[in-house]
Amino acid sequence: MQDNQKNSNSKGDENKGAPRFNFYWIYGIIAVVLIALNFFWAQPQAKTVDWNRLEKIIRANDLEKIVIINKEKAEIFLKETAVSKSDYEKEIPKPSMGLTNTGPHFTHTIGNDEVFETRIIKLQDEIQNAEGSTKFNINVTHERRYDVIGGIISWVLPLIILIAIWIFIMRRVGGGAAGPGSQIFNIGRSKATLFDKDAKVTVTFKDVAGLDEAKEEVMEVVDFLKNPKKYTALGGKIPKGVLLVGSPGTGKTLLAKAVAGEAAVPFFSISGSDFVEMFVGVGASRVRDLFRQAREKAPCIIFIDEIDAIGRARGRNAMQGNDERENTLNQLLVEMDGFSTDKGVIIIAATNRPDILDSALLRPGRFDRQISIDKPDLVGREQIFKVHLKPIKISGDVDSKKLALMTPGFAGAEIANVCNEAALIAARRGKKFVDMQDFNDAIDRSIGGLEKKNKLISPEEKRVIAYHEAGHALCGWYLEYAMPLVKVTIVPRGVAALGYAQYLPKEQHITTVEQLNDQICMTLGGRAAESICFNRISTGAQSDLDYVTKMAYSMITVYGLNEKVGNVSFYGMQSEGGFTKPYSEETATLIDNESRKIIEEQYERAKQLLREKRKELELIANELLNKEVLHKDDLERLIGRREFDDVPGDDGEKAKSENIGVDTLKEDIDADEIA
Ligand code: ADP
Ligand code: ZN
């Protein structure tokens with residue numbers, strides 16, 4: 001349900017830098033080192049000779065001097081006159097560019113420095129004795145030489161590699177890569193680029209359709225950011241943190257942006273999950289960095305999406321504690337406490353799970369203001385359609401009110417998506433304007449995934465599905481408290497949805513037993529119809545049964561609506577693993593039995609009803625087989641107006657719409673995914 005715009009805004013592509021780690025400068029250093037090595041090696045390499053050869057050279061009086069390097073190696077220099085001797089010529093490498101080779105001309109590996117020198121002295125004595133003069137002198141000197149090449153190889157190179165690895169890891173952790181090399185010394189600051197601080201946010205309240213109450217509430221924040229003195233002078237306190245609560249795609253990010261846009265302040269945005277990385281300490285340092293940056297840019301807005309990723313209650317499960325997340329959360333709390341509101345930094349966070357947030361986050365001085373962002377109602381949807389229809393070339397028959405009627409349960413993001421999709425469909429069909437048919441298809445597509453035109457369903461199967469859906473529709477039609485039908489269809493959609501009936505629930509906060517019973521009865525109507533008409537039942541009702549079972553258990557264990565079990569609610573008391581129940585075995589059995597009873601009763605009721613309305617059932621099922629989709633007015637045409645329909649007044653439906661009776665073959669699809 002995330003739309004593209006949101007993705008590209010909150011974590012722009014250049015910010016997720018991990019895969020873009022820049023190796024070039026390391027390649028550069030390695031190249032330089034290699035060139036240097038090459039330079040040294042390019043010096044002519046003297047040939048290594050053994051002692052016998054060296055003795056020969058000395059006896060031939062061709063030796064100029066011997067230089068012992070680091071007591072390991074002897075460099076042998078020949079007399080200038082000897083170099084060109086044919087004995088040596090081939091063995092002495094020619095230096096490049098016509099220079100003379102000044103030596104060393106040979107080298108000799110010394111086993112032991114002292115032994116070597118004793119040998120030399122012995123040889124010298126021998127020659128002197130033979131010549132009878134002390135003139136013959138073997139010139140031996142010592143030299144300590146620092147081995148540059150070896151040094152580089154054994155010391156610098158590993159260091160470079162280590163640094164490279166280190167930087168690589170730090171960058172990964174940091175997740176951001178700026179220009180080549182520029183960040184090397186900024187590693188501690190990690191995510192400097194993560195927050196995109198659109199200096200100019202162009203979104204304003206005009207772009208946010210509906211959400212009037214929420215807008216009103218955040219207006220105060222806008223006002224304050226524009227004119228902080230007015231508020232602080234009177235001693236008023238502005239909330240530091242505002243928590244936007246609502247399902248995905250309802251426009252929380254949009255609203256936060258609009259606040260920044262209205263107040264013309266920078267907008268820092270980050271997602272809670274960006275804080276939580278596998279490396280310890282990164283989350284906390286990112287929080288610190290975020291707030292440091294925000295303070296520099298104050299007044300400004302920090303938007304933290306999915307705050308539940310870090311704000312989950314601490315220490316609920318000792319075995320699975322996430323220290324890193326807790327550190328991050330603690331740092332966030334510290335930062336929030338650390339500045340006063342008159343600094344002009346206001347934090348807006350978004351979540352759809354306020355119930356799992358750590359209570360410390362919700363304390364005064366932190367996110368003490370909660371604004372709930374509901375899915376849009378009919379009017380809201382119409383307004384959102386209007387916003388998103390603006391940039392589209394639409395034909396005259398496109399009516400935002402109709403579209404809103406067709407999209408119960410859609411959030412803003414899905415509406416935006418439908419509009420975009422419709423435009424794409426129209427383009428594919430080569431139309432000049434986007435018409436209602438394109439919108440119809442776009443809506444269908446986003447309800448159940450792509451229309452599977454050639455999905456293989458046998459005619460027999462299709463008949464079963466038609467009766468099943470007709471069963472839902474009819475039960476709903478004749479049950480007083482069932483939700484009004486929007487449409488019923490047997491067009492297969494998506495992976496597994498074979499058909500569905502879509503209803504429009506009334507806005508209400510208290511549900512009566514009668515309503516719940518009718519709801520269950522209607523949901524069982526599909527299977528009941530199959531049973532009556534084909535005398536057998538199918539797997540197609542899996543999600544119906546799932547829904548019904550949950551509903552029945554909730555009636556008993558959550559809402560305390562069962563006489564035998566009594567006025568009790570075990571809501572939230574069941575441990576997550578389900579090992580400990582907050583009630584006894586007997587109660588458990590009772591609950592099981594009572595749930596079964598409810599379901600059984602309603603199933604019988606559905607069957608009874610459909611037997612009475614067999615004629616209508618056939619009528620609708622056949623029409624469904626013909627047309628595949630039936631809307632409310634089609635049903636009215638076929639079987640007359642629904643008895644219990646209140647005149648569609650303008651207090652109208654403020655809908656939290658639902659798809660009930662989405663019939664699936666596989667288990668992994670539920671109504672939520674499809675709705
Ligand atoms: P959330 O943050 O609640 O998940 P977003 O703010 O990211 O949702 O909404 C996603 C997109 O849906 C927006 O960019 C916008 O195009 C569209 N949208 C959502 N709500 C509205 C609205 N009330 N008015 C106009 N567009 C909306
Ligand atoms: Zn069904």
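In what follows, every heavy atom counts, from backbone to side chain, and hydrogens, waters and symmetry copies are set aside. Each ligand, and each atom within it, is numbered from 1 in the order the structure gives. For this chain, numbers begin at 1 and follow the sequence in order. What you see is a predicted model; the values in this text were computed from it and never measured.
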Here the atoms of ligand 1 under 4.0 Å from any heavy atom belonging to Gly251 are 1 (P), 3 (O), 5 (P), 6 (O), 8 (O), 9 (O), 19 (C), 20 (N)

### Query
Would you say ligand 1 has an N or O under 3.5 Å from any N or O of Ala209?
yes

Between Gln608 and Arg605, is there a side-chain donor-acceptor contact under 3.5 Å, judged purely by atom types and distance? no

- Item | Test: Lys613 cationic atom under 6.0 Å from Tyr478 six-membered ring centre, within 45° of axis | yes

> Between Leu254 and ligand 1, is there a nitrogen or oxygen pair with a distance under 3.5 Å?
Replying inline: yes

Using a 6.0 Å cut-off, check whether atom CD of Glu480 has over 12 heavy atoms from anything other than its own residue.
yes

Could you tell me whether Gly249 and ligand 1 have an N or O pair separated by under 3.5 Å?
yes

**OP:** Output yes when a side-chain donor or acceptor of Ser531 lies under 3.5 Å from a complementary backbone atom of Arg527, and no otherwise.
**Re:** no

The atom name of the N, O or S atom in Asp544 nearest to the Zn ion (ligand 2) is OD2

For residues 616-636, the ring-ring contact (aromatic ring centres under 6.0 Å, His included) pairs (sequence neighbours left out) are none

Notebook entry, point to check: Taking distance alone, with no angle check, do Val387 and ligand 1 share an N/O pair under 3.5 Å?
Noted result: no

Per-atom filter on ligand 1: closer than 4.0 angstrom to a heavy atom of Asp207 are 24 (N), 25 (C)

Between Thr351 and Asp308: side-chain donor-acceptor atoms closer than 3.5 Å = yes

Sorted by chain and number, sequence neighbours left out, salt bridge (charged side-chain N to carboxylate O under 4.0 Å, His left out) with Glu382 holds for Lys386

Tell me, please, if Glu469 has any N/O/S atom, main chain or side chain, under 2.8 Å from the Zn ion (ligand 2)?
-> no

If we number the atoms of ligand 1 from 1 as shown, the ones under 4.0 Å from a heavy atom of Gly412 are 12 (O), 17 (C), 18 (N), 19 (C), 20 (N)

### Message
Under a 3.5 Å threshold, yes or no: a donor from one side chain and an acceptor from the other, between Asn420 and His388?
### Response
no

| Under 4.0 angstrom from ligand 1, any heavy atom of Pro248? | yes

task = Would you please determine whether Gly246 falls within less than 4.0 Å of ligand 1 on a heavy-atom basis?
result = no

Please check whether His388 reaches ligand 1 - meaning an N/O of the residue sits under 3.5 Å from an N/O of the ligand, judged on distance alone. yes

| Is the shortest N/O to N/O distance between Ala413 and ligand 1 below 3.5 Å? | yes

